[in-house]
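Okay, structure first, notes after.
As the structure lists them, so they are numbered: ligands from 1, and atoms in each ligand from 1.
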Amino acid sequence: MRIILLGAPGSGKGTQAKRMADRFGVPHISTGDILRAAVREGTELGNKAAPIMASGGLVPDDLMIGIIRERMQGADIAAGFILDGFPRTVEQAEKLDAILAGNGGEPARVVALLVPDDVIIRRLGGRRSCPECGAVYHVESTPPKKEGMCDRCGAGLVERRDDKEEAIRARLEAYSAQTMPVAGHYANKGALYEIDGLGSVDEIFERIETALTR
Ligand code: AP5
């Protein structure tokens with residue numbers, strides 16, 4: 001169960017990845033979460049990544065590949081993983097393919113969530129995240145029970161710094177210029193599953209599950 005989730009910012013990768021990790025019993029690895037933790041802790045990586053993330057650009061490939069190379073050595077991924085946010089460039093995809101081939105086992109399958117830009121902008125504008133446990137809400141579609149407070153751990157919810165209009169525009173541009181070619185890379189290998197990302201969270205999850213178990 002080696003799965004990569006591909007999709008524009010706000011397409012629902014994190015939301016679906018958490019469900020898939022629960023359903024398939026494998027870890028959810030989010031490079032965005034790894035970077036945000038490094039920013040919070042003020043590590044060298046975090047200090048380098050913070051301004052790039054805030055502006056909506058991509059963190060350099062060599063740093064990201066180093067993170068994933070190390071993570072792919074974890075004993076907890078023996079049965080697989082749900083990778084969310086990586087690879088984001090063809091260079092990252094080629095390096096990941098080589099790392100996985102070196103580890104043995106199946107190559108990754110890639111689920112691409114397709115969502116139009118106007119829906120993405122609505123989703124990101126209403127997103128609220130828990131800085132403690134990583135739970136993600138939306139003020140309209142999946143609000144917390146108590147406004148501004150995480151259902152799971154009770155922490156105060158926050159808006160992500162890169163969910164500002166200008167950063168969203170830059171993230172969408174980076175996605176179309178640098179990440180969309182990654183879908184072509186995996187389509188050429190016959191490993192790409194394109195999923196309609198519109199509808200309820202449950203409906204989309206069902207589409208993914210059906211595609212992967214067909
Ligand atoms: P990352 O954290 O990966 O951000 P992203 O790709 O921009 O994706 P998001 O987390 O914004 O959205 P999502 O698709 O997970 O959607 P979500 O489920 O939250 O990366 C952040 C930054 O880190 C990058 O910009 C870059 O700088 C850097 N970075 C990370 N990885 C990198 C790499 N490999 N290389 C270089 N740089 C890297 O959903 C969004 C909202 O919609 C939520 O409110 C949710 O509740 C709601 N929602 C979800 N599904 C539905 C639905 N079906 N209906 C209605 N609402 C829904």
Which residue from [options] reaches closest to [atom] through any of its heavy atoms?
atom                    : options                      : answer
atom 26 (C) of ligand 1 : Gly199, Gly10, Gly57, Gly32  : Gly57
atom 42 (O) of ligand 1 : Arg128, Arg160, Arg123       : Arg123
atom 6 (O) of ligand 1  : Lys18, Arg88, Gln178, Arg171 : Arg88

As an exercise, identify every atom of ligand 1 less than 4.0 angstrom from a heavy atom of Ala8. 14 (O)

Tell me, please: is [X] in heavy-atom contact with ligand 1, that is, under 4.0 Å?
X      : result
Pro60  : no
Glu140 : no
Glu203 : no

So is there a nitrogen or oxygen of [X] less than 3.5 Å from a nitrogen or oxygen in ligand 1?
X      : value
Lys13  : yes
Val59  : yes
Asp33  : no
Asp163 : no
Gly7   : no
Gln92  : yes
Gly12  : yes
Val136 : no

Given 3.5 Å as the limit, does a donor-acceptor pair link the side chain of Arg109 with the main chain of Tyr193, or not?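 No, the answer is negative, given that no donor and acceptor are paired below the 3.5 Å cut-off.
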
Quick one: does ligand 1 sit under 4.0 Å from the side chain of [X], the backbone, both or neither, non-hydrogen atoms only?
X      : answer
His138 : both
Ser200 : backbone
Tyr175 : neither
Leu35  : side chain

Who's the nearest protein heavy-atom neighbour of [atom], and how far?
atom                    : answer
atom 46 (O) of ligand 1 : Thr142 OG1, 3.4 Å
atom 15 (O) of ligand 1 : Gly14 N, 2.8 Å
atom 18 (O) of ligand 1 : Thr15 OG1, 2.5 Å
atom 34 (N) of ligand 1 : Gly85 O, 2.9 Å
atom 55 (C) of ligand 1 : Ser141 OG, 3.3 Å
atom 31 (N) of ligand 1 : Thr31 OG1, 2.8 Å
atom 22 (C) of ligand 1 : Met53 CE, 3.9 Å

Indicate whether the side chain of His185 and that of Asp97 have a donor and an acceptor atom separated by less than 3.5 Å.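 Checked: His185/Asp97 side chains pair up, N/O donor to acceptor below 3.5 Å.
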
CD/Glu166: more than 12 non-hydrogen atoms of other groups inside 6.0 Å: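 No, CD of Glu166 has 12 or fewer neighbouring heavy atoms, counting only those of other groups under 6.0 Å.
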
Test salt bridge (Lys or Arg N to Asp or Glu O under 4.0 Å) on Asp76 and Arg71; report intermediate values, then the result. CA-CA 10 Å; Asp76 62 334; Arg71 188 64 185 84; 2.8 Å; yes

